[in-house]
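Everything on this sheet refers to the single structure shown next.
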Number of protein chains: 2
Amino acid sequence: METINAVAALAALAQENRLEIFRLLVQAGPEGMAAGQVAEQLGLAPNTLTFHFDRLRFAGLVTVRRDGRSMIYAARFSAMNELVAFLTENCCQGAPEQCAPAAVCKPKGVAHEAVSRARRR
Amino acid sequence: METINAVAALAALAQENRLEIFRLLVQAGPEGMAAGQVAEQLGLAPNTLTFHFDRLRFAGLVTVRRDGRSMIYAARFSAMNELVAFLTENCCQGAPEQCAPAAVCKPKGVAHEAVSRARRR
DNA sequence: TCCACATTTCAACGAATATGGAAATGTCTT
DNA sequence: AAGACATTTCCATATTCGTTGAAATGTGGA
């Protein structure tokens, strides 16, 4: 992961509403959630939610697909793991044995997800 | 970790220069680095650097101590691990077995560092 | 087609952020 | 005490960000 991408991801998460949105999606798992469900759970206006979803999407943190009238958003776990790996890269110059980058959340079926899927609509 | 603290930490890291500063400190390990060394390696003006260090410090991501004329900044690994744990909390409702929060960087001697040390000068 | 529903787009506003220059503070050496 | 060095504080400025309201788009059912 490049610094610029990490900054984008961190900036996307550095906002109370977006962080809660993302955590909700992380908890929802690879299936994702409809925008309306998220709006209901967090009490956000639909246009505000769209704004935040866009941020998360451009940062590569979520994907979207349409299901009837609803848009289903899902966390992109590979991006989250890459971000964590980037933060801890070469930690302590690798000196202490306990210090090693590691993926923290790998739900089945998304571990090797293609990056090109990140920004699709 | 509370949402508000996570947002503060993420916001602190969501800036190119600060992210590089933090990564430098993570790589430096618990010993830390003098502000001047960081300034030299990243080519930042001293006042700008102070501004960014303050951000990182208020977010609980780094600590400082004085050593002669120099200020030695060090990454607070426990904060980093808490942040990662917060992001991945209850991932996929705990369903997939591979999905579990985990500390990613635990250099010796700082694993159980007291939180009260986070904001000292 | 007409209507209801789900979400997005557009325009506008106040608040927060990053950076620069100049001056001040604290520390060491002589 | 004086000067050099390391870092911090203060002030000003241009840019970015989050939210709101109103209107538009796309989808499914009667």
Side-chain angles (χ1 to χ4, degrees), chain A residues 3-25 28 31-59 61-74 119-121, chain B residues 3-25 28 31-59 61-74 119-121:
Chain A
T3 295
I4 189 173
N5 298 323
V7 168
L10 290 163
L13 296 174
Q15 207 279 330
E16 193 168 344
N17 291 329
R18 278 198 298 272
L19 181 54
E20 287 309 316
I21 292 169
F22 184 73
R23 273 167 36 94
L24 212 51
L25 294 181
E31 295 293 304
M33 286 177 68
Q37 287 181 284
V38 176
E40 190 180 4
Q41 287 216 24
L42 301 181
L44 295 173
N47 55 347
T48 297
L49 197 53
T50 295
F51 172 79
H52 290 309
F53 274 139
D54 279 353
R55 290 285 165 118
L56 291 169
R57 198 158 50 79
F58 283 128
L61 288 169
V62 307
T63 56
V64 212
R65 63 189 150 92
R66 179 179 280 280
D67 179 24
R69 309 183 196 183
S70 298
M71 301 298 269
I72 311 291
Y73 286 86
R119 299 192 181 176
R120 73 173 186 187
R121 282 183 175 267
Chain B
T3 295
I4 189 172
N5 298 324
V7 168
L10 291 163
L13 296 174
Q15 207 280 329
E16 193 168 344
N17 291 330
R18 277 198 298 272
L19 182 55
E20 287 309 315
I21 292 169
F22 184 73
R23 275 169 33 97
L24 213 50
L25 295 180
E31 294 294 302
M33 284 176 70
Q37 286 182 285
V38 176
E40 189 180 6
Q41 287 216 24
L42 299 182
L44 295 173
N47 55 347
T48 298
L49 197 53
T50 295
F51 172 79
H52 290 310
F53 275 139
D54 280 353
R55 290 288 165 116
L56 291 170
R57 197 158 50 78
F58 283 127
L61 288 170
V62 307
T63 56
V64 211
R65 63 191 150 90
R66 179 179 280 281
D67 179 24
R69 309 183 195 181
S70 297
M71 301 299 269
I72 311 291
Y73 287 86
R119 300 192 181 178
R120 73 173 184 188
R121 282 181 175 269

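In what follows, chains are A, B, ... by sequence order, proteins preceding strands, each numbered from 1.
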* **Atom of Ala35(A), atom of Leu49(A) and distance for their closest heavy-atom approach** => O-CD2, 3.2 Å
* Structure fact -> Across all chains, not counting sequence neighbours, the side chain to side chain donor-acceptor pair (under 3.5 Å) partners of Ser70(A) are none
* **Spacing of Gln15(B) atom CD relative to dT15(D) atom P, expressed in whole Å** => 16 Å
* **From CG (Leu56(A)) to OG1 (Thr63(A)), nearest 0.5 Å** => 11.0 Å
* To do: Not counting sequence neighbours, list each pair that qualifies as a side chain to side chain donor-acceptor pair (under 3.5 Å) and has a residue in residues 8-18 of chain A.
  => Arg18(A)-His52(A)
* Mind running a 4.0 Å heavy-atom check of residues 38-52 of chain B against DNA chain D and sending the residues that fall below it, in number order? => Pro46(B), Asn47(B), Thr50(B)
* Asked: How close or far is atom C1' of dT7(D) from atom CZ of Arg57(B), stated in whole angstroms?
  -> 12 Å
* Just grab all the side chain to side chain donor-acceptor pair (under 3.5 Å) pairs involving residues 35-44 of chain B, residues at least two apart or on different chains. => none
* State which residues pass side-chain contact (heavy atoms from CB on, under 4.5 Å) with Ala6(A); sequence neighbours excluded, sorted by chain then number. => Met1(A), Leu83(A), Phe86(A), Leu19(B)
* Between CD1 of Ile72(A) and CD of Glu31(A), what distance do you get to the nearest 0.5 Å? -> 9.5 Å
* How would nucleotides 25-30 of chain D be written as a contact map, 5' to 3', with B for base contact, S for sugar-phosphate-only contact and - for no contact, using protein heavy atoms under 4.0 Å? -> -SBB--
* Whole-Å distance between dT17(C) C1' and Leu13(B) CG? -> 16 Å
Show each protein N/O and nucleotides 14-16 of chain C N/O combination with a separation under 3.5 Å, one pair to a line.
none

* Can you measure from CG (Asn47(B)) to CZ (Phe51(B)) and round to the nearest 0.5 angstrom? => 10.5 Å
* Asked: For dT8(D), does OP1 or OP2 lie under 4.0 Å from any side-chain N or O of Tyr73(B)?
  -> yes
* **Distance-minimising heavy-atom pair for Phe53(B) and Val62(B)** => O-CG2, 4.2 Å
* Axial bend angle, the helix from dT1(C)-dA30(D) to dT30(C)-dA1(D): five-pair end segments, nearest 10° -> 30°
* **Side-chain donor/acceptor of Arg57(B) to backbone N/O of Ala59(B), under 3.5 Å** => no
* Asked: Quick one: Phe58(B) CZ to dA18(C) P, roughly how many Å, whole number?
  -> 14 Å
* Which residues pass the side-chain contact (heavy atoms from CB on, under 4.5 Å) test with Ala14(B), sequence neighbours left out? -> Leu10(A), Ala11(A), Ala14(A)
* What is the distance from atom CD1 of Ile21(B) to atom CG of Leu24(B), rounded to the nearest 0.5 Å? -> 8.5 Å
* For Leu56(A) and dG18(D), give me the distance from atom CG to atom C1', rounded to whole Å. => 14 Å
* To do: Mind listing the residues from residues 17-25 of chain B sitting with a heavy atom below 4.0 Å of DNA chain C? Number order is fine.
  => Asn17(B), Arg18(B)
* Could you state the CD-C1' distance from Glu16(A) to dT19(D), rounded to the nearest angstrom? -> 14 Å
* Asked: What residues, two or more places apart in sequence or in another chain, satisfy ring-ring contact (aromatic ring centres under 6.0 Å, His included) together with Phe22(A)?
  -> none
* Structure fact -> Residues passing the side chain to side chain donor-acceptor pair (under 3.5 Å) test with Glu20(A), sequence neighbours excluded, are Thr3(B)
